[in-house]
Amino acid sequence: MANDKIEARITLYNISQAGLYERGEKDPIFGDLNIFLKDLKSWVTGKTLNKTCTYACLDEDELKTFCYDIQEGIQGHYLLITWNKVSSFSNSVATVSGTSKVGEADIKTSSHGLDDIPGFPTYFWIMPDQNKFAAITFDYSQNGRQDLNRYLREFFGKLSGYVVQKTDEEGKKVIQHFKDPKGTEMYPMLYGKFDAKLVVNPGKVQYLLNNWKDIRKVYRHNEMSISEMIKLPRVATLGKWIGMNCEPKKTSAIKFKLEADMIFNNKEELQSVIEEWDQIQNPTKWENLGFGMLGNTQKPIWLAASRAIDTFDCPLERDSKQLFKSKDLVQWFDSITPKILKLEEKNENN
């Protein structure tokens with residue numbers, strides 16, 4: 001057991017697209033995610049990490065994603081660890097002290113070798129039989145989901161076992177066509193796709209929509225200056241209604257809480273606010289929206305509570321470089337998979 005408590009923030013997603021598609025079609029020609037993941041495991045085996053990015057960057061400054069490791073669990077689920085490159089210059093990574101005053105911070109740099117890739121790991125537990133995956137974060141604020149989307153769709157379309165390649169006169173590999181290794185039908189062009197949507201328990205949202213006439217207040221809160229609050233991304237429709245587009249008159253740091261009286265004219269107005277908020281992939285505490293109902297306005301119903309996100313106590317220990325052993329993670333994720341899937345059934349009273 002680890003001496004210090006390690007928290008794992010786990011977010012559950014439904015996989016909405018995965019596989020190889022003909023242009024404009026909604027259903028894949030080849031869509032068995034388990035096969036694609038086996039292909040990926042086979043493709044990265046024996047490679048050096050710097051050879052595992054699945055795409056070429058048009059912009060030299062664009063940051064790449066690599067495969068740090070991929071392991072299969074006992075239930076046919078996969079742990080995929082990606083390594084996400086961060087910006088560096090002159091073979092060094094820059095940091096500043098967060099407690100330094102603005103304009104006075106010293107920039108410190110730590111050097112790395114030419115073959116080193118500065119970055120951080122992101123962890124995904126992919127469950128093909130459930131058509132879901134979980135993004136797991138420990139000390140990192142980003143879960144890397146968008147990078148995962150690109151990494152997998154580029155692999156599907158260019159490097160999976162369905163791709164038939166040839167080498168041209170210049171020694172470059174060119175895709176000839178796509179074909180099931182076990183079949184005979186060929187496809188001249190298919191497109192790799194991978195995308196997912198955050199799992200949302202619809203019960204709380206539906207309750208609000210069914211009782212829109214009883215909404216009397218909306219809430220947003222966090223500790224920040226008013227000037228910072230005005231600059232933050234926000235639900236524009238709601239902001240316009242409650243006057244959030246005004247210029248701030250104070251700039252001092254305060255414990256700020258927004259509580260506004262609100263009566264919707266119809267269900268459609270509330271629906272538009274919820275749909276706009278739902279486009280925020282990883283809302284901050286401030287971006288969360290709460291609704292106070294008639295007779296109980298001081299106990300808001302928060303939209304973020306409908307999302308399949310929770311924190312788990314991780315019993316594992318990290319090595320001296322603050323990384324987990326992949327096999328230990330696979331065993332732990334195998335053991336808590338039922339709990340991860342239950343995030344979709346999260347208690348509506350939470």
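Below, all heavy atoms of this structure are taken into account, side chains as well, without hydrogens, waters or symmetry copies.
- Between F155 and W43, the two ring planes are tilted [angle within 30° to 60°].
- The backbone N or O of D195 lies less than 3.5 Å from a partner atom in the side chain of S16, making a donor-acceptor pair.
- K51 contributes atom NZ, which lies 11.5 Å from atom CG of L49 (distance to the nearest 0.5 angstrom).
- Proximity of a side-chain donor or acceptor of N131 to a complementary backbone N or O of I15 within less than 3.5 Å is detected.
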### Criterion side chain to side chain contact (heavy atoms under 4.5 Å, CB included) on M127 and L12, from CA distance to verdict
CA-CA 11 Å; M127 299 165 279; L12 186 63; 4.0 Å; yes

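- The shortest side-chain heavy-atom distance between I126 and L37 falls under the 4.5 Å cut-off.
- Taking all atoms of both residues into account, the shortest heavy-atom contact from Y151 to C53 is CE1-CA, 4.1 Å.
- The heavy-atom pair separating Y55 from T65 by the smallest distance is OH-N, 3.0 Å.
- Going from atom CG of L343 over to atom CD1 of I10 covers 7.0 Å, rounded to the nearest 0.5 Å.
- Counting only heavy atoms from C-beta outward, the side chains of L159 and T54 approach each other to under 4.5 Å.
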### R9/I136 under side chain to side chain contact (heavy atoms under 4.5 Å, CB included): CA gap, chis, key distance, verdict
CA-CA 6 Å; R9 180 178 171 84; I136 303 97; over 6 Å; no

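- Contact annotation: the side chain of Y191 approaches that of R23 to within less than 4.5 Å [non-hydrogen atoms, C-beta and beyond].
- Hydrophobic clustering (side-chain heavy atoms under 4.5 Å, transitive across Ile, Leu, Val, Met, Phe, Trp, Tyr) groups M189 together with I175.
- Counting heavy atoms from C-beta outward, L79 and D69 have side chains that stay 4.5 Å or more apart.
- Here the straight-line distance linking atom NZ of K197 with atom CG of N14 works out to 9.5 Å at 0.5 Å rounding.
- The heavy-atom pair separating G161 from P181 by the smallest distance is O-CG, 3.6 Å.
- Using a 4.5 Å heavy-atom threshold, the side chains of Y68 and P121 count as separate.
- More than 12 heavy atoms of other residues, nucleotides or ligands sit less than 6.0 Å from atom NZ of K47.
- The same ILVMFWY cluster, assembled from side-chain heavy atoms under 4.5 Å apart, contains both V330 and F312.
- To the nearest 0.5 Å, the span separating CG on D180 from CE on M186 amounts to 13.0 Å.
- Each of K327, K41, K38 was evaluated against E72; a single residue qualifies, K38, per the salt bridge (charged side-chain N to carboxylate O under 4.0 Å, His left out) test.
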### Query
Would I274 and V205 count as a side chain to side chain contact (heavy atoms under 4.5 Å, CB included) if you check the C-alpha gap in whole Å, the side-chain angles of each, and the deciding distance to 0.1 Å?
CA-CA 8 Å; I274 293 174; V205 172; 4.0 Å; yes

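- Put simply, V164 and L20 are part of two different groups of oily side chains (I, L, V, M, F, W, Y) that touch within less than 4.5 Å, one to the next.
- Here D328 contributes atom CG and C314 contributes atom SG; the two are 9.0 Å apart, rounded to the nearest 0.5 Å.
- Of all the heavy atoms in L341 and K132, the pair that sits closest is CD2-CD, 4.0 Å.
- In the hydrophobic cluster analysis, where Ile, Leu, Val, Met, Phe, Trp and Tyr join through side-chain heavy atoms closer than 4.5 angstrom, I336 is grouped together with V199.
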### Message
As a quick check of understanding, evaluate ring pair (Phe, Tyr, Trp, His ring centres under 6.0 Å) for F324 and F138, giving each step before the final call.
### Response
CA-CA 11 Å; F324 297 96; F138 296 95; 4.5 Å; yes

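- Once rounded to the nearest 0.5 Å, the distance linking CG of L208 with CD of Q271 reads 10.5 Å.
- P128 approaches Y78 most closely through the heavy-atom pair CG-CD1, 4.4 Å.
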### Task
Check step by step if side chain to side chain contact (heavy atoms under 4.5 Å, CB included) holds for E269 and W212.
CA-CA 9 Å; E269 282 187 347; W212 64 270; over 6 Å; no

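- Counting heavy atoms from C-beta outward, L40 and L152 have side chains that approach closer than 4.5 Å.
- By the rule that hydrophobic residues join a cluster once side-chain heavy atoms approach within less than 4.5 Å of another member, V200 and L289 end up as members of separate clusters.
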### Query
Does the pair D39 and S160 meet the rule for a side chain to side chain donor-acceptor pair (under 3.5 Å), with working shown?
CA-CA 6 Å; D39 283 351; S160 66; 4.8 Å; no

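- Ring pair F178/Y162: centre-to-centre distance not below 6.0 Å.
- Shown here is D129, whose CG atom has more than 12 heavy atoms of other residues, nucleotides or ligands within 6.0 Å.
- In this structure, a donor-acceptor pair under 3.5 Å is present between the side chains of T337 and W125.
- Residues L80 and L148 meet the side-chain proximity criterion, which asks for heavy atoms closer than 4.5 Å.
- Taking the six-membered ring for Trp, Y123 and F333 have ring centres at least 6.0 Å apart.
- What you find for G19 and F36 is that their closest heavy atoms are CA-CE1, 3.6 Å.
- Taking 4.5 Å as the limit, some side-chain heavy atom of D313 sits within range of a side-chain heavy atom of E7.
- Applying the salt bridge (charged side-chain N to carboxylate O under 4.0 Å, His left out) rule to K179 yields no partners; only residues at least two apart in sequence or on another chain are considered.
- Evaluation of the ring pair (Phe, Tyr, Trp, His ring centres under 6.0 Å) rule for Y187 yields F30 as partners, not counting sequence neighbours.
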